[in-house]
Number of protein chains: 2
Amino acid sequence: MVSVLTAQTMHSQRHRDPCGACVDCEVRKMAICAALQDDALHALEAIMSSRKLETGEMLVEEGAPKLKVFSLTSGLLRLFTLLPDGRRQISGFLYPGDYLGLADDGTYSQTAEAVVPSTLCCFSVNEMDELMDQHPALKDRLYVMTREALRQSRDNQLVLGRLAPVEKLASFLLVLSAQAKRVGHPDNPVHLSMNRTDIADYLGLTIETVSRCFTKLRTQGLIHLPDANTVSILSHRSLSAVAGTEFKS
Amino acid sequence: MVSVLTAQTMHSQRHRDPCGACVDCEVRKMAICAALQDDALHALEAIMSSRKLETGEMLVEEGAPKLKVFSLTSGLLRLFTLLPDGRRQISGFLYPGDYLGLADDGTYSQTAEAVVPSTLCCFSVNEMDELMDQHPALKDRLYVMTREALRQSRDNQLVLGRLAPVEKLASFLLVLSAQAKRVGHPDNPVHLSMNRTDIADYLGLTIETVSRCFTKLRTQGLIHLPDANTVSILSHRSLSAVAGTEFKS
DNA sequence: CGAATCTTTGAAGGAGATCAACTATAGTGG
DNA sequence: CCACTATAGTTGATCTCCTTCAAAGATTCG
């Protein structure tokens, strides 16, 4: 996807030379740039730079001044908060097309790290603010994405507060599957890019409980696990029943 | 506050006659109308009607088409989602100055009910949308409030996913206290408008556990309970320590 | 191949849920 | 005014499920 880049192992590559034109972008129809007219898109492209992250690399840290905002083009990020004693809550994962900085005013309210090697479009907040003044459609688009993020966060509150462990995992797998489809990946053998610790910290469980829930779903014949990071959904219907909540997919 | 209204026992009163001018409004500086110029404020006032709710009354229901949006002027609302089997997750409470409809596109994503008798400013979505096109400051204000709501929802995810019951309750009481101060109410003897079931469904606990946590905090000398709905915070510092998370108040 | 990391599984313990009873408070009607 | 009822909150006992602690596979990477 980023043909001009040399070695993927280089740290924090950043350059003004955009990684191919926006018109060729794989997430063109989902990201912030969706539903923008050509002039707005070109203006956006003009202030854009690109960036690569490798696994585990931190992009922004909670509390730091918000100087840049990002649009994820490939890979996966986790967004989380840490408690003083080390407990971690992942509030969500960012998929290609998602935007980083929706919730933040002035400072980042959460830390973001790459779960897998990722590529992003990178914007200066000041330039983005200017652009939003010139192109209201851009601001509207961000607002729509923020509302969507809010609904998602509230859905997560339901999952965290009222679902039993197996229900949590079942609903997580269904959301992952729907998400994969949205990005154009296969939605049935779902690939888990994140490890058990990430899943546990997202669902408010321990890794042991997550593992046991996988085993339980497998034993009940609802899923198949060719390997630890691949989940084949054998009965979408039954899995939905376990999740307890019918999700709009 | 609403002098022209007759009996509070009337159901769902609604009338175009605004409940006093916006300039006299108690939440003028916090609600959607904060930071609006006079012309925008008057335009907002022109399309506003008012509404009263009594305890337990439903304002909007999850899934219903979003035709109206609201600004709470007094009272308290709960926002929640129900599971098919009756489990309930309250994602948040709306206090005076808060806006209902931030997260929703087309249909309401959650149900809203009055916890205590409440009064609201009521707007047609269509008229509000028109007004936002004419007054960008209005749209910006809503966007700011949406970002704030998103941060709050993510904070709640941390509470739900990673705090122990006592920690949950302690943090809840601190947030309530800070909220009361913000609205201009006394922040130390905190008055609990909601009952134990509401608190339980907000914190992802049972009412028995909530009650036991109250007792535990009382036994440890951190709070005093003159009656079940009044909490006197004896040691703000210790309570914060129990909450485990330093909240920006 | 061997070290490190990740995942799974087992055993034990504890914390919160459940079930049940009791208390307190408010509202009702005699 | 006072029983009577209904509702809300507290407390106790038990049980279940999740966590914790521990160890054994499995996979990856040098």
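A note on names: the letters A, B, ... follow the listed sequences, proteins ahead of strands, and every chain is numbered from 1.
- The heavy-atom pair separating B/Ile233 from B/Leu173 by the smallest distance is CD1-O, 4.4 Å.
- Distances were taken from every side-chain heavy atom of B/Ser211 (C-beta onward) to each of C/dG10, D/dT11, D/dC18; the shortest belongs to D/dT11.
- B/Arg162 has no side-chain polar atom (N or O) that falls below the 4.0 Å cut-off from OP1 or OP2 of D/dT19.
- The side-chain contact (heavy atoms from CB on, under 4.5 Å) test with A/Leu102 is passed by exactly one of A/Glu148, A/Met145, A/Arg147: A/Met145.
- Put simply, CG on B/Leu192 is 12 Å from C1' on D/dG9, counting in whole angstrom units.
- Side-chain N/O atoms of A/Thr206 include none lying less than 4.0 angstrom from OP1 or OP2 on D/dT20.
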Which pairs, protein N/O on one side and nucleotides 23-26 of chain D N/O on the other, fall under 3.5 Å?
none

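- The CG atom of B/Asn229 sits 10 Å away from the C1' atom of D/dG9 (whole-angstrom rounding).
- Between B/Arg212 and the phosphate of C/dG16, there is no side-chain N or O to OP1/OP2 separation shorter than 4.0 Å.
- Atom CG of B/Leu225 is separated from atom C1' of C/dA24 by 14 Å (rounded to the nearest Å).
- With hydrogens and angles left out, the side-chain atoms of B/Gln110 and B/Thr81 include a donor and acceptor closer than 3.5 Å.
- If you take NZ of B/Lys216 and P of D/dG12, they are 13 Å apart, rounded to a whole angstrom.
- Look at CG on B/Leu169: it is 12 Å from P on C/dG16, rounded to the nearest Å.
- Among the nucleotides C/dG16, C/dC6, C/dT8, the one closest to any side-chain atom of A/Ala228 is C/dT8.
- Set against D/dT11, C/dC6, D/dC21, the side chain of B/Glu208 has D/dT11 as its closest nucleotide.
- Between the side chains of A/Ser109 and A/Glu62, not a single donor N or O lies within less than 3.5 Å of an accepting N or O.
- When the options B/Leu169, B/Leu174, B/Leu222 are evaluated for a side-chain contact (heavy atoms from CB on, under 4.5 Å) with B/Val242, the one that passes is B/Leu222.
- Under the salt bridge (Lys or Arg N to Asp or Glu O under 4.0 Å) criterion, A/Asp104 pairs with no residue at all, not counting sequence neighbours.
- Stacking of B/Arg88 on the aromatic ring of B/Phe80 is recorded, both the 6.0 Å distance cut-off and the 45° axial limit being met.
- When the P atom of D/dT28 is taken as reference, atom CG of A/Asn195 falls 14 Å away, rounded to whole Å.
- At a threshold of 4.0 angstrom between heavy atoms, the contacts of B/Leu205 are confined to the sugar-phosphate backbone, with no base atom among them.
- The CG atom of B/Leu163 sits 16 Å away from the P atom of C/dA15 (whole-angstrom rounding).
- Regarding B/Phe214, its CZ atom lies at a distance of 16 Å from the P atom of D/dA8, rounded to whole Å.
- B/Asn156 and B/Ser153 share no donor-acceptor pair across their side chains, judged by distance under 3.5 Å alone.
- Listed candidates were C/dG16, D/dT10, D/dG9. Nearest to the side chain of B/Thr215 is D/dT10.
- When each of A/Thr209 and A/Asp227 is assigned the nucleotide of DNA chain D with its nearest heavy atom, A/Thr209 is the one assigned upstream, toward the 5' end.
- Between B/Ile207 and A/Ala164, the residue whose closest nucleotide on DNA chain D is further toward the 5' end is B/Ile207.
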